[in-house]
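This report concerns only the one structure given below.
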Amino acid sequence: MFREMKTFNLGWLLFVAILLISALTFSQASRSKQHKVKTGVFRSPQVVLGPGSVANKLFSNIDFPKGHIALKSFDAEIIDESGNPIPLYDTYLHHWLVLKFYVRKGLENQDISKLNNSDYISGRNSGICQDGALDQFFGLGSETRRTKTHIPDPYGIEIGNPTKIPSGFVETWGLNVHAIDTRGVEDRMGCTECRCNLYNVTKEENGTPLSPNYDGGLLCCYDGTKCRLKDGFIGIERTLYLQYTVKWVDMNSLVVPVNVYIFDVSDIWNRSRNSTGINSEHNCQVEYQVESCRATGSANNKCIDVESVGLDMPFGGYLVYGVAHQHAGGTGSALYGKDGRSLCSSIPIYGTGEEAGNENGYIVGMSTCYPKPGTKKISKGETLVLESNYSSIKQHTGVMGLFYILVAETLA
């Protein structure tokens, strides 16, 4: 009798173990299936550039994944018609931006710049800059090829949620590509910094005269402008594309949504009149100028220009990812929380060769942060400090000190 009971107990335990293993295997297979990553490779409409010329295009309703999904990464690079990568010293990728719009049904194939304001709504990120400034969900520049953009499991950027699309509208995506052809130019780095004298520009694109103190930046290298070429240089026009690779998963209960925030070190902001210490009005400048330490008399301070800004956070959550955006001359950027605790530091990677992705003297990548889940918490109302550092051995115009973070409101 005892022997029979012992055999029965062992058999029962073995049966239960098999059931548990089967359930676990099924659960893992189910999770894996639900998190199956899909990949799409797309090309922008063509960008035609001749030596010294500038293209700053906004393409509407671009090819983009459809449905209720979670974005996992977005990578891009400039290529020619044969699919060959173009080095930065030939065509400098100042920036590319991916923007979301809600467009009235029936008008989604129209150029968004020609639509009435009532026919589209910006589906901007969750950031604190004013409307129209840094609205993008993804965006990089010369550092594109060597900057990680993947979002770790189980997190993702939720898009295509039908409950969040305004009635009578459809969700579409736009792509802004700003590229400068520097073949044969007189001053290659000066062209990439959009120095106004090299473009012979004295007025903004809309005809407004430039400020006398504005030496260079976005206002001088708008679409259709041309940087000064070397005497006698002749070159052909060529057709280029921004090729972008998107990865995503179907949205389900296992995906934890993250919010996108972009901060600007040149943000000029004030708390609102009836402020609780959280509400504020922002005026992100997007770019700024670094003066030469010799010109400012600060050459003894290692010639590093340090800009910083404190920002009150209207949200809370856990940091999932972080990266900075800087231009040539940048030496790194950092985001700090209360009491100076480090949230993320992002350092530029400079190229040392000639091949695309390693161009000598250019920023070809930025280091990224992937904190251990739950270790970097941001409290609602907390004041964060953003710091951006540039070499000031010489003047730099049109530089940027942006910081891009993904924040989950809850842990997985």
Side-chain angles (χ1 to χ4, degrees), residues 40 42-48 53-69 71 74 76 94-139 157-179 201 203-210 217-225 241-242 244 246 259-262 264 267-269 272 279-287 314 402 404:
F42 310 97
R43 285 188 181 184
S44 72
Q46 66 181 27
V47 177
V48 179
S53 63
V54 177
N56 190 10
K57 306 292 186 182
L58 175 60
F59 301 114
S60 303
N61 197 23
I62 60 170
D63 291 331
F64 207 77
K66 305 294 184 181
H68 188 191
I69 61 176
L71 299 177
F74 192 110
H94 188 279
H95 68 257
W96 56 264
L97 309 174
V98 181
L99 306 121
K100 181 170 70 173
F101 297 98
Y102 300 116
V103 179
R104 194 174 300 280
K105 289 181 179 178
L107 300 176
E108 53 266 34
N109 292 320
Q110 301 297 314
D111 183 343
I112 201 164
S113 65
K114 297 179 181 178
L115 293 178
N116 295 322
N117 291 340
S118 61
D119 290 328
Y120 71 93
I121 303 167
S122 172
R124 58 168 298 145
N125 60 56
S126 302
I128 60 178
C129 288
Q130 72 276 19
D131 288 346
L134 305 177
D135 292 342
Q136 66 267 23
F137 275 71
F138 291 99
I157 299 173
E158 181 185 17
I159 66 170
N161 186 337
T163 66
K164 295 182 179 180
I165 299 175
S167 177
F169 288 76
V170 294
E171 184 180 277
T172 68
W173 292 83
L175 179 65
N176 173 219
V177 179
H178 187 190
V201 169
K203 296 180 179 180
E204 298 179 28
E205 190 171 11
N206 63 9
T208 303
L210 292 170
L218 289 168
L219 299 181
C220 289
C221 58
Y222 46 84
D223 188 58
T225 55
Y241 304 86
L242 187 81
Y244 52 102
V246 189
N259 293 321
V260 179
Y261 297 94
I262 302 177
D264 177 16
D267 186 356
I268 301 171
W269 68 281
S272 301
N279 298 321
S280 53
E281 298 172 355
H282 293 262
N283 186 10
C284 295
Q285 305 298 298
V286 181
E287 62 177 7
L402 310 180
Y404 171 100

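The structure displayed is predicted, hence computed values, not measured ones.
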Closest heavy-atom pair and its distance - Ala55, Val47 = CB-CG1, 3.5 Å
Heavy-atom donor-acceptor pair, Gln130 side chain to Cys284 backbone, under 3.5 Å | yes
Could you grab the distance from atom SG of Cys220 to atom CD of Glu205, nearest 0.5 Å is fine?
-> 11.5 Å
Backbone N/O of Trp269 and side chain of Asn283: donor-acceptor pair under 3.5 Å = no
When rounded to the nearest 0.5 angstrom, what is the spacing between NZ in Lys100 and OG1 in Thr172?
-> 10.0 Å
Taking atom CD1 of Ile69 and atom CD1 of Ile157, what is their separation to the nearest 0.5 Å?
-> 10.5 Å
Check whether any side-chain heavy atom of Leu210 lies under 4.5 Å from a side-chain heavy atom of Val201, and answer yes or no.
-> yes
Positive for ring-ring contact (aromatic ring centres under 6.0 Å, His included) with Trp96, one of Phe59, Tyr244, Phe138, Phe74 = Phe74
On the 0 to 90° scale, with breaks at 30° and 60°, tag the His178-His95 ring pair as parallel, tilted or perpendicular.
-> perpendicular
Give a yes or no on whether the backbone of Leu107 and the side-chain of Asn61 come within a donor-acceptor separation of less than 3.5 Å.
-> no
Side-chain heavy-atom pair Leu175, Val98 within 4.5 angstrom cut-off | yes
Pro166 side chain near Ile121 side chain, heavy-atom distance below 4.5 Å = yes
Nearest heavy-atom neighbours spanning Gln46 and Val48 = NE2-CG2, 3.9 Å
Please report the shortest heavy-atom distance between Val260 and Gln136, naming the atom on each side.
-> CG1-O, 4.3 Å
To the nearest 0.5 angstrom, please state how far the NZ atom of Lys57 sits from the CG atom of Asn176.
-> 11.0 Å
With a 4.5 Å limit on heavy-atom distance, are the side chains of Asn56 and Leu218 in contact?
-> no
To the nearest 0.5 Å, what is the distance between CG (Leu134) and CD1 (Ile128)?
-> 10.0 Å
Quick one: does Asp111's side chain have a donor or acceptor within less than 3.5 Å of a partner on Ser113's backbone?
-> yes
Where is the tightest heavy-atom contact between Phe169 and Lys105, given as atom of each residue plus distance?
-> O-CE, 3.8 Å
Within the side chain of Asp135, is there an N or O that forms a donor-acceptor pair under 3.5 Å with the backbone of Asn125?
-> no
Could you tell me whether a side-chain N or O of Asp119 sits under 3.5 Å from a main-chain N or O of Arg104, the two making a donor and an acceptor?
-> no
Passing option when Phe137 is tested against Trp173, Tyr261, Phe64 for ring-ring contact (aromatic ring centres under 6.0 Å, His included) | Trp173
Correct closest heavy-atom pair for Glu171 and Ile165 would be CB-CD1, 4.0 Å
CG of Leu58 to CD1 of Ile112: how many Å apart, nearest 0.5 Å?
-> 7.0 Å
Shortest non-hydrogen pair, Gln110 vs Ser60, comes out as O-CB, 3.7 Å
Donor-acceptor under 3.5 Å (Thr225 side chain, Val54 main chain) | no
Would you say the side-chain atoms of Glu108 pair up with the backbone N or O of Gly106, donor to acceptor, closer than 3.5 Å?
-> yes
